[in-house]
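Below is one structure, written out as structure tokens, with a few remarks after it.
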Amino acid sequence: MAESIRVLLSEEEVDQRIQAIGEQISRDYRGKQVHLVCVLKGGSFFMCELAKRITVPVSLDFMSVSSYGSDTKSSGVVKIVKDLDESLKDKDVIVVEDIVDSGRTLSYLLEMLRDRGPRSLRLCTLLDKPERRVVDVNVDYTGFEIPDEFVVGYGLDYDQRYRNLPYIGVIEFN
């Protein structure tokens with residue numbers, strides 16, 4: 001089955017929104033250092049672009065998680081595939097995610113990170129699908145609220161493809 005990609009958010013729209021989020025974070029953390037934690041793999045494109053637009057000192061770390069279960073949907077039980085390299089103790093932390101949908105995995109992850117003693121813990125996502133929310137998750141910085149469609153680009157993939165698209169597209173199966 002072939003697929004095609006329909007542009008949902010152009011490269012320019014994404015770029016402008018990331019600039020605005022970077023400015024907001026810079027205002028919110030004026031006089032402080034912010035520690036960005038990227039949830040791999042999808043969040044890496046967004047975090048790198050976001051970090052370039054934040055004017056306060058920034059440090060970065062990465063973690064990779066998978067949620068598993070017998071179903072094809074996220075169980076919300078998180079297995080850490082790659083843990084953080086640095087302690088979060090007394091840091092102002094922003095978890096950077098590509099997309100928030102059901103909230104199960106992210107809710108579990110945020111609770112786990114909260115237990116590591118950060119001074120503050122916030123969540124920033126490029127895309128939010130509130131229609132799919134099963135577990136309430138407070139998103140502090142949102143790029144775009146999108147409809148419940150399968151999206152790719154800017155780090156989001158379909159079978160490891162399309163991550164490198166510079167825009168957000170909807171995958172359509174022909």
Side-chain angles (χ1 to χ4, degrees), residues 14 18 21-22 24-26 28-29 31-130 132-144 146 150-165 168:
V14 173
I18 293 172
I21 294 169
Q24 182 64 52
I25 289 171
S26 299
D28 291 351
Y29 289 88
K32 299 178 182 177
Q33 176 171 327
V34 66
H35 186 68
L36 302 180
V37 171
C38 176
V39 182
L40 294 172
K41 299 179 186 170
S44 60
F45 288 71
F46 176 43
M47 187 174 84
C48 289
E49 291 301 316
L50 179 63
K52 292 190 295 187
R53 290 161 173 85
I54 296 173
T55 57
V56 298
V58 171
S59 56
L60 310 173
D61 208 344
F62 300 85
M63 71 185 315
S64 181
V65 299
S66 70
S67 57
Y68 55 92
S70 57
D71 198 349
T72 55
K73 294 189 170 92
S74 166
S75 65
V77 177
V78 175
K79 176 182 174 190
I80 297 176
V81 178
K82 185 233 175 279
D83 206 346
L84 299 172
D85 293 328
E86 298 180 30
S87 167
L88 298 183
K89 185 96 174 109
D90 298 326
K91 291 182 180 177
D92 291 306
V93 176
I94 300 176
V95 174
V96 179
E97 183 63 285
D98 54 358
I99 189 166
V100 178
D101 52 29
S102 75
R104 284 186 182 112
T105 300
L106 217 38
S107 174
Y108 184 93
L109 179 63
L110 290 170
E111 198 55 45
M112 183 187 71
L113 295 177
R114 223 174 258 111
D115 290 343
R116 295 184 182 190
R119 179 179 309 121
S120 66
L121 181 64
R122 290 187 172 172
L123 174 60
C124 178
T125 188
L126 180 58
L127 304 174
D128 189 4
K129 283 188 190 179
R132 299 218 358 135
R133 199 78 83 247
V134 175
V135 176
D136 190 37
V137 175
N138 181 47
V139 181
D140 301 284
Y141 304 99
T142 301
F144 301 92
I146 61 168
F150 195 95
V151 290
V152 293
Y154 228 90
L156 295 140
D157 74 298
Y158 169 65
D159 198 23
Q160 294 299 328
R161 294 179 293 151
Y162 306 116
R163 286 189 195 276
N164 61 320
L165 295 176
I168 303 296

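Throughout, residue positions are numbered sequentially from 1 according to the sequence presented.
- Counting only heavy atoms from C-beta outward, the side chains of I146 and I99 approach each other to under 4.5 Å.
- Between R116 and D83 a salt bridge is recorded (basic side-chain N to carboxylate O distance below 4.0 Å).
- You'll find the side chain of F46 reaches within 4.5 Å of the side chain of V96, heavy atoms only.
- Side chains of Q33 and S59 form a contact here, defined as non-hydrogen atoms less than 4.5 Å apart.
- Rounded to the nearest 0.5 angstrom, D61 CG and K91 NZ are separated by 7.0 Å.
- Under a 3.5 Å cut-off, the side chain of S26 and the backbone N or O of G22 do form a donor-acceptor pair.
- Pairs passing the salt bridge (charged side-chain N to carboxylate O under 4.0 Å, His left out) check and including a residue from residues 92-102, sequence neighbours excluded, read D92-R119.
- With hydrogens and angles left out, the side-chain atoms of N138 and D136 include no donor and acceptor closer than 3.5 Å.
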- Message: As a quick check of understanding, evaluate side chain to side chain contact (heavy atoms under 4.5 Å, CB included) for V137 and L123, giving each step before the final call.
- Response: CA-CA 9 Å; V137 175; L123 174 60; 3.5 Å; yes
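- Counting only heavy atoms from C-beta outward, the side chains of L113 and M63 approach each other to under 4.5 Å.
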- Evaluate the salt bridge (Lys or Arg N to Asp or Glu O under 4.0 Å) criterion for residues K41 and D157: first the C-alpha distance (whole Å), next the side-chain angles of each, then the deciding distance (0.1 Å), finally the verdict. CA-CA 9 Å; K41 299 179 186 170; D157 74 298; over 6 Å; no
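- For the ring-ring contact (aromatic ring centres under 6.0 Å, His included) test, residues two or more places apart in sequence or in another chain that qualify with Y158 are F150, F173.
- Residues I18 and L126 are in side-chain contact: their nearest non-hydrogen atoms beyond the backbone lie under 4.5 Å apart.
- Side-chain polar atoms of N164 and Y154 form no donor-acceptor pair below 3.5 angstrom.
- Between the side chain of K89 and the backbone N or O of P118 there is no donor-acceptor pair closer than 3.5 Å.
- Using a 4.5 Å heavy-atom cutoff, the side chains of I168 and F144 are not in contact.
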- Item | Chi angles and distances behind the side chain to side chain contact (heavy atoms under 4.5 Å, CB included) call for I21, L50 | CA-CA 8 Å; I21 294 169; L50 179 63; 3.7 Å; yes
